[in-house]
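Have a look at the structure below, then the notes.
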Amino acid sequence: MAGLGGFVKGGGFGYLGPMRLLEVALPLPLEALTYLPPLGREEEEALGRRVAVPWRGEVRVGVVVGEGEGRPALHLRHALAYLDERPLLREEEIAFLKAAAHHLFAPLGQVLADFLPPMPELVHRVRLFPRADPGLLPPGLSALRDWQEAKGFDPKLLDLLREAGVLEEEVSFRPQKRVLRLLKEPEEGLEEAPRRVLEALKALGEAESQAALARAAGVGVGVVKRLLEKGYIGLLPPEPPRGRGPALEPLFLPERPERVNGGRLRERMRVLKGLLEEGDHLVLFPEVGLLERFLEGFPEARPYHGGLPSWAREALFQRPGGTVFATYGGLLLPYTPQGIVVVEEGSESYKLPSGTRAFIPPLAELRARLLGIPLTYLSLVPAVEVLERKPLRLPVPKPRLLTLSLKEERGWPFTGRALALLKQVEERGRQAVVLASRRGFSALLLCPDCGYKPTCPDCALPLRFHQSPPTLLCHQCGHKEAPPPLCPRCGSPLLEPRGPGVDWLVRELKERLTLPVYRFAKDGKDDLTPLLRGEPGVVVGTTALLRGPVLPGLALVLLPYADGFLMDSDFRAAERYHRLLWALTELRPGHRPLLVLQTFHPDHPVHRALEEGEVEAFLWEEKALREALDYPPKVRMVKLEVAHRKEERALALALELLEALRKAAGEEEVLGPAPAPVPKLKGHYLYHLLLKGSTERLHELLAHLDRRKFKLDPDPFRFVGLLED
DNA sequence: CAAGCGACAACC
DNA sequence: GTTGTCGCTTGA
């Protein structure tokens, strides 16, 4: 390659005046990088447009998030090409990305990676500039005198040619499918033939080609062509499917509330319908399943979520507007709706499991604030975080609840009374759901007297009880031991398996009932079609059932070990349990199946809340408790996580962080370090620290730390280590 | 003395 | 995130 240096000089040298600079955010965990505009495009507005840029020898796509003029200190490279004619994002979206990065303590590029829709494939062609002397090139490159697909060449080689300033490049998105769609309604005074074309297109919705449309309308292609020129029809990306079903009857409210809670599902949907009558809204959902359920009854809504083909998502970004039902990615859609609605703001599915690990509702609030539009939360049970908002409380149908005390009732894992109820379901040919907190067969061994549970000596995780032969097994590291006959802590002989898993319950029920027994969990879902037809049966499953289909004959919901759902080790466990139980009351909308809980704590405040038909009183108690403890939402809390193969090293790293924090932070601002609840993950020991404070204060504290030494969770939910990215 | 792995900095 | 470099440990 030695000869290349003598070629045309590239890359930003030799200009006299200041140059236009592009701040480009790549979808990587980095801050924006500076590039020069593509050659010959220095005068164009670039903000918000996607650009192809050379990056570490490859070509990557980024978004221009800033423009400037100046004399750069370092050797800058030229962007290769603009990929959008018009900006994809407006200043509003860029401002949102920056504010979100600040809120999440994350680099801008990482936020972009979380929220930008997938990009169309690139078409990248290269050739040598005609003025470059191919005689100086290494052999084998003479083909580059003509345009070639870049794919066939070593990217490193291309980058050398690029650096040497001899490579001419064309980069664009692979053209997306376009269809013909109606842009203007047919007017009076139009000729017969054009009118027929427009009517035909209106009926079809969209047409593949001019010829196809002409055929459908029974006219010549010329007519279609002229309508295209006159702007009656246009060549546009195909429109993703809209909502379906008969429109709901809207429920109008005198005043716009900041949260809507209680009621029945259908009622809340009608309130939403009423809000939408005020104008176009962005409606956010925690998961696709719920979004699709809402879509029934909202034929006007345009869906936007990760389950759609990428052309559909791209199309919505190109032509945003209207009412959009979206998952989190919809927050970046470049338009200003009349308002934002966040559905089920307390759902854990709003927590992104990787990348920035953002929790979405606060970002929705940020987006609404920056756009100057109202935001409304809509859920059966409000999140503790939003209690102070101006409420609309819809009356809640009182749940039919039965708590069975495991201290008094006989029988395990099903008490006699629970079995009798299941038998009733059997006799009447109805349906029942049995909910377990764990998949598989395993359970915990628990001392009912002192609450002791055997834990793994290596992982500090509770050991899982396996039935035959009786064994205690660590699901993390495989450690095995025999179950102790007496409680090692208090000597009680009552040490018993608790927290039966799905498979155990399935086996148990198959022995005791003649009803067909189905299994439904993330790791395996039986076909429930017979149940959907109304045939009798029992489904045993995990909370995946909440996302499953509605069972038309559901009469009983049974939690054989309700306390199993309360055992998570974080301060939101009780709130989560409360929300779960209320969600179960809506498992069959419009009906009230009997909810039966087998529990050691029949007097738990959550159970009382259900008995009283009260969706928010318990949450106010929780809020007061958290305020006393200085927990969110009173302060923000972020988790710093360090990982290392060697446990001592992991702990040492955590202590180093603590040491660095001590200089700046007060005693009460730092918690830990402690081993994470799953202390060892994928061969790494995990320790975490928690920091408390306002966003600004946390930024101050984090400024004292080396960000490469730990991972940060800006809104930790369960304090479980996450190392998946 | 070379391969091998971990820590760390840079990426424009 | 990914890649490249440095310095140290391990093995023939």
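Order of the sequence lines fixes the chain letters, A, B, ..., with proteins taken first and strands second; residue numbering starts at 1 for each chain.
- Without hydrogens or angle criteria, A/Lys522 side chain to A/Thr542 main chain gives no donor-acceptor distance under 3.5 Å.
- A salt bridge links A/Arg367 with A/Glu93: at least one charged nitrogen is closer than 4.0 Å to a carboxylate oxygen.
- Between the P atom of C/dT3 and the CG atom of A/Asp159 lies a distance of 14 Å, rounded to the nearest Å.
- Paired with A/Tyr377 under the rule side-chain hydrogen bond (donor to acceptor under 3.5 Å, both in side chains), one option of A/Glu344, A/Glu365, A/Glu345 passes, and it is A/Glu365.
- The interatomic distance linking A/Leu28 (CG) with C/dT3 (C1') rounds to 12 Å, in whole Å.
- Side chain of A/Asp84 to main chain of A/Arg86: no donor-acceptor pair is present (N/O by atom type, distance under 3.5 Å, no hydrogens or angles).
- For the pair A/Gln318 and A/Leu88, the minimum side-chain heavy-atom distance is below 4.5 Å.
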Please list, pair by pair, any protein nitrogen or oxygen found under 3.5 Å from a nitrogen or oxygen in nucleotides 4-11 of chain B.
unit_1	atom_1	unit_2	atom_2	d
B/dA7	OP1	A/His644	NE2	2.9
B/dA9	OP2	A/Arg708	NH1	2.9
B/dA9	OP2	A/Arg708	NH2	2.4
B/dA10	N3	A/Arg56	NH1	3.2
B/dC11	O2	A/Arg56	NH1	3.0

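- Under the 3.5 Å distance criterion, the side-chain polar atoms of A/Glu575 are left unmatched by any main-chain donor or acceptor of A/Arg572.
- For the pair A/Arg145 (side chain) and A/Leu128 (backbone), a donor-acceptor distance under 3.5 Å is absent.
- Classification of A/Arg20 and A/Glu44 as a salt-bridged pair fails, no side-chain N sitting under 4.0 Å from a carboxylate O.
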Just the atom pairs and distances: protein N or O near nucleotides 7-10 of chain C's N or O, under 3.5 Å.
none

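- Nucleotide B/dC12 holds its P atom 14 Å from the CD atom of A/Glu23, rounded to whole Å.
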